[in-house]
Amino acid sequence: MSKKALIIVDIQNEYFENGGLELVNPVEASLNAGKILEHFRTRHLPVIHVQHLAAEKDSPVFAEGSFGVQIHENVQPLDGEKVIQKYYPNSFRETDLSEHLKTHEITELVIVGMMTHMCIDATTRAAFDFGYSCTVVSDACATRDLEINGKTVAADDVHHAFLAALAFAYGNITST
């Protein structure tokens with residue numbers, strides 16, 4: 001029998017207005033993530049919050065102890081909910097996420113958060129490689145414009161391209 005958990009990846013103040021790395025539509029994504037969080041809480045299903053921290057002590061973003069590194073108010077953890085701190089885009093790398101999921105016999109993950117093209121992508125691919133069934137909730141994720149070779153790629157295009165790639169082999173893509 002499948003056992004499901006919600007993983008909320010990096011919905012932190014850094015990605016909102018007045019943060020150092022503002023995304024496109026982070027409030028809407030966080031409100032949708034909050035709806036999913038409430039769904040899991042009312043059904044007493046496991047919730048895991050992932051919080052990114054800068055590996056470098058003098059980093060201008062995600063500095064430990066800063067306002068930006070704090071989990072956003074729309075998805076604040078409750079007492080007893082697991083919070084995992086990470087230093088890499090992949091939420092499994094050098095964390096106890098895998099061990100926690102195994103201990104609780106989790107087989108299916110619902111993934112929401114920020115940024116679609118980095119930590120959502122890396123975490124979903126790693127989860128799939130570890131054998132988890134993955135669902136990414138597209139409107140509960142957000143990203144930003146990217147630039148390559150002098151060309152700007154709009155956040156909406158980045159978001160949908162990465163979700164399309166995940167849908168090809170790594171998981172189910174759905175909406176709130």
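Here the straight-line distance linking atom OG1 of Thr152 with atom CG of Asp157 works out to 11.5 Å at 0.5 Å rounding. Considering CG of Asp121 and SG of Cys141, their distance stands at 10.5 Å, rounded to 0.5 Å. Note: Glu108 CD to Leu45 CG = 10.0 Å, rounded to the nearest 0.5 Å. The CZ atom of Phe128 lies 10.5 Å from the CG atom of Leu166; values are rounded to the nearest 0.5 Å. Note: Thr135 OG1 to Lys4 NZ = 6.5 Å, rounded to the nearest 0.5 Å. Of the inter-residue distances, the one linking Glu99 atom CD with Ile84 atom CD1 reads 9.5 Å to the nearest 0.5 angstrom.
A salt bridge does not link Asp129 with Arg125: every distance from a Lys NZ or Arg NE/NH1/NH2 to an Asp or Glu carboxylate oxygen is 4.0 Å or more.
Residues satisfying the ring pair (Phe, Tyr, Trp, His ring centres under 6.0 Å) criterion with His117, sequence neighbours excluded, are absent altogether. A search for side chain to side chain donor-acceptor pair (under 3.5 Å) contacts involving Gln85 returns Gln51, not counting sequence neighbours. The ring pair (Phe, Tyr, Trp, His ring centres under 6.0 Å) search around Phe67 returns none, not counting sequence neighbours. For the side chain to side chain donor-acceptor pair (under 3.5 Å) test, residues two or more places apart in sequence or in another chain that qualify with Ser30 are Asn74. In terms of the side chain to side chain contact (heavy atoms under 4.5 Å, CB included) criterion, residue partners of Gln76 (sequence neighbours excluded) are, by chain and number, Ile71. By the side chain to side chain donor-acceptor pair (under 3.5 Å) test, Asp96 pairs with Lys82, sequence neighbours left out. When the side chain to side chain donor-acceptor pair (under 3.5 Å) test is applied to His39, the partners found at least two apart in sequence or on another chain are Arg43. Remark: Phe162 engages no residue in a ring pair (Phe, Tyr, Trp, His ring centres under 6.0 Å) (not counting sequence neighbours). For His52, the ring pair (Phe, Tyr, Trp, His ring centres under 6.0 Å) partners two or more places apart in sequence, or in a different chain, are Phe62.
Counting only heavy atoms from C-beta outward, the side chains of Ile106 and Leu109 approach each other to under 4.5 Å. A 4.5 Å side-chain heavy-atom check between Leu78 and Arg41 finds at least one atom pair inside the cut-off. In this structure, the side chains of Leu53 and Val69 come closer than 4.5 Å at one or more pairs of heavy atoms. Residues Tyr132 and Thr124 form no side-chain contact, since every pair of their non-hydrogen atoms from C-beta on lies 4.5 Å or further apart. Residues Val47 and His49 form a side-chain contact, since some pair of their non-hydrogen atoms from C-beta on lies under 4.5 Å apart. Residues Val50 and Thr123 fail the side-chain proximity criterion, which asks for heavy atoms closer than 4.5 Å. Annotation: side chain of Glu94 is in contact with side chain of Tyr88 (closest heavy-atom distance under 4.5 Å).
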What side-chain donor-acceptor pairs closer than 3.5 Å can you find for residues 168-176, not counting sequence neighbours?
residue : atom : partner : partner atom : Å
Thr176  : OG1  : Asp139  : OD1          : 2.6
Thr176  : OG1  : Asp139  : OD2          : 3.4

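A 6.0 Å sphere centred on CD of Glu64 holds no more than 12 heavy atoms belonging to other residues, nucleotides or ligands.
A continuous path of hydrophobic side-chain contacts links Val27 to Met114 [ILVMFWY only; heavy atoms under 4.5 Å]. Taking hydrophobic clusters as Ile, Leu, Val, Met, Phe, Trp and Tyr residues chained together by side-chain heavy-atom distances below 4.5 Å, Ile36 shares a cluster with Met115. The hydrophobic cluster containing Leu6 also contains Leu31, counting ILVMFWY residues as joined when their side-chain heavy atoms lie under 4.5 angstrom apart, directly or transitively. Residue Ile48 is not grouped with residue Phe40 when hydrophobic side chains (ILVMFWY) are merged at heavy-atom distances under 4.5 angstrom, including chains of intermediate members. Hydrophobic clustering keeps Val83 apart from Val9 (ILVMFWY residues linked when any side-chain heavy atoms are closer than 4.5 Å, directly or through intermediates).
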Legend entry - Thr143 and Thr116: CA distance, side-chain angles, deciding distance, side chain to side chain donor-acceptor pair (under 3.5 Å) verdict: CA-CA 5 Å; Thr143 196; Thr116 311; 4.8 Å; no
Legend entry - Worked check of side chain to side chain contact (heavy atoms under 4.5 Å, CB included) between Asp145 and Val158: CA-CA 7 Å; Asp145 293 350; Val158 172; over 6 Å; no
Legend entry - Audit row: Arg144, Leu21, side chain to side chain contact (heavy atoms under 4.5 Å, CB included) steps and yes/no: CA-CA 9 Å; Arg144 62 192 312 221; Leu21 215 61; 3.3 Å; yes
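Contact detail for Val112 and Ala33: the closest heavy-atom pair is CG2-CB, 3.9 Å. Smallest separation of non-hydrogen atoms from Pro26 and Ala142: CA-CB, 4.3 Å.
Checking each of Val136, Val137, Ile7 against Ile120 for a side chain to side chain contact (heavy atoms under 4.5 Å, CB included) leaves exactly one that passes, namely Val136.
The list of side chain to side chain donor-acceptor pair (under 3.5 Å) pairs with a residue in residues 10-28, not counting sequence neighbours, reads Asp10-Lys86. Residue pairs meeting the ring-ring contact (aromatic ring centres under 6.0 Å, His included) criterion with at least one member in residues 91-111, sequence neighbours excluded: Phe92-Phe130, His100-His104.
Remark: side-chain polar atoms of His159 are not paired, donor with acceptor, to backbone N or O of Ala155 under 3.5 angstrom.
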